There are 2 protein chains.
Amino acid sequence: MICINFQDSRPIYEQIVDGYKHLILAGVLEQDERMPSVRNLAVELSTNPNTVQKAFMELEREGFIYSVRGRGNFVNSSGQLLEKKREELVDDISKLLIEAEELSLDSEQLLRDALQKSKVGCCDSDVGGKMQ
Amino acid sequence: MICINFQDSRPIYEQIVDGYKHLILAGVLEQDERMPSVRNLAVELSTNPNTVQKAFMELEREGFIYSVRGRGNFVNSSGQLLEKKREELVDDISKLLIEAEELSLDSEQLLRDALQKSKVGCCDSDVGGKMQ
DNA sequence: TATCTGTACTATAGAACATAGTACGGTTAG
DNA sequence: CTAACCGTACTATGTTCTATAGTACAGATA
């Protein structure tokens, strides 16, 4: 379902958190669906149960899952989560725009460039794009 | 010139790097202007010379300053740096937009919201803004 | 009852971060 | 030349975060 990059500088538990956030927000996991058990997921990802537990605690703290002692961890409803995620994205972009303003850069032109790059970056067309 | 938040989870050397990046890009420090010495800045920021040195090494690695043994560290020309920074901003925003696309969110509406929020966030007007 | 589940500990090891101290070589003002 | 500054390169120490390992306990369920 998700995969871990052990070469990544980001901690394993954080990769697990982000992986499941994405799965839940994207609707791959449905409401009240059961998460893998701490021990099973640890085996599957070749990591330690404690690391998985730490990730699940963080997911619960942020409202993505809820846990029932003795039964397992379950997915929360994604509706509110998606709205929350949208607000985070707006917030992140506006922070970057404020940074741009401080450097006297044209925010609107910046957004046009970013929008085009995001559309080019998704596919592999090279319409006006530069090779990286 | 810059200030350090010791409560911040970010490492001190990273805060120094970011602080000087901002000063250089904003043109507060001019080309070939001399940076504070490693030892003096350490005293000024109530930190250790080694921590400042680590920050300066990073700034040099990223092309913001150059060092002359026995004389000091000096600011590089900001023109190319500003263009590089602009590309980074475009890249950061486009990554967020790709994330939004994956969640079937309306990118253009997202950008309009972010643009408005960035303009509201700069000043303290409350035109359509929510109290945090 | 046996086996699964989450949860809570302790202990250990490694990496990153920060501090402290020392040392060496280049630059510059006196 | 000398003294005082500069960058640079080490070693050593302590703290925190991350990850692993092992143990233990309580709830749920077949």
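In this text, all values refer to a predicted model and were calculated from it rather than measured experimentally. In what follows, every chain begins at residue 1, and chains take the letters A, B, ... in the order their sequences are listed.
Of the possible donor and acceptor atoms, one in the side chain of Q15(B) sits under 3.5 Å from a partner among the backbone N and O of N5(B). Between the side chain of K84(B) and the main chain of G79(B), no donor-acceptor pair closer than 3.5 Å is present. A donor-acceptor contact shorter than 3.5 Å links the side chain of S37(A) to the backbone of N40(A). When atom types are taken as modelled, the side chain of E33(A) and the backbone of E30(A) share a donor-acceptor pair closer than 3.5 angstrom.
In this structure, Q7(B) places its CD atom 19 Å from P of dC17(C), rounding to the nearest Å. Following rounding to the nearest Å, N50(B) (CG) and dC6(D) (C1') show an atom-to-atom distance of 15 Å. Rounded to whole Å, the distance from CG on L41(B) to P on dT19(C) is 12 Å. Atom pair E14(A):CD and dT18(D):C1' shows a separation of 11 Å (rounding to whole Å applied). Between the CD1 atom of I16(B) and the P atom of dC17(C) there is a distance of 13 Å, given to the nearest Å. Taking atom CZ of F74(B) as the reference point, atom P of dT27(C) lies 11 Å away to the nearest angstrom. Look at CZ on R39(B): it is 16 Å from P on dT19(C), rounded to the nearest Å. Atom CD of Q53(B) is separated from atom C1' of dT22(C) by 14 Å (rounded to the nearest Å).
OP1 or OP2 of dT20(D) has at least one side-chain nitrogen or oxygen of T51(A) nearer than 4.0 Å. A close approach under 4.0 Å does occur between a side-chain nitrogen or oxygen of N40(A) and OP1 or OP2 of dT5(C). At dA19(D), none of the side-chain N or O atoms of K54(A) fall inside 4.0 Å of OP1 or OP2 (strictly under the cut-off). Look at Y13(A) and you'll find a side-chain N or O under 4.0 angstrom from OP1 or OP2 of dT18(D).
Of the candidates dG6(C), dC9(C), dC6(D), the closest approach to any side-chain atom of R34(B) belongs to dC6(D). Distances were taken from every side-chain heavy atom of I12(B) (C-beta onward) to each of dG7(D), dT19(C), dG22(D); the shortest belongs to dT19(C). Comparing atom distances between the R69(A) side chain and each of dG27(D), dC6(D), dT20(D) picks out dG27(D) as nearest. Across dG7(D), dA8(C), dA9(D), the shortest atom-to-atom separation from the side chain of N73(B) is found for dG7(D). The side chain of N48(B) approaches dT19(C) more closely than any other nucleotide in the set dC6(D), dT19(C), dT7(C).
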What N/O pairs connect the protein and nucleotides 28-30 of chain C at under 3.5 Å? Give each pair on its own line.
| unit_1 | atom_1 | unit_2 | atom_2 | d |
| --- | --- | --- | --- | --- |
| dT28(C) | OP1 | R71(B) | NE | 2.9 |

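Between N73(A) atom CG and L59(A) atom CG the span is 8.5 Å, to the nearest 0.5 Å.
Both R10(A) and V68(B) lie near DNA chain D, and the one whose nearest nucleotide falls closer to the 5' end is V68(B).
Across residues 55-67 of chain B, S67(B) each have a non-hydrogen atom less than 4.0 Å from an atom of DNA chain D (numbered order).
By the 4.5 Å heavy-atom criterion applied to side chains, L96(B) and L96(A) are counted as neighbours.
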Taking it one step at a time, do L81(B) and F64(B) satisfy side-chain contact (heavy atoms from CB on, under 4.5 Å)?
CA-CA 7 Å; L81(B) 293 172; F64(B) 284 81; 3.8 Å; yes
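One finds a salt bridge joining K95(B) and D91(B) here, because a Lys/Arg side-chain nitrogen approaches an Asp/Glu carboxylate oxygen to under 4.0 Å. Comment: E58(B) engages R61(B) in a salt bridge, judged by a side-chain N to carboxylate O separation of less than 4.0 angstrom.
A side-chain donor-acceptor contact under 3.5 Å links D32(B) and Y66(B).
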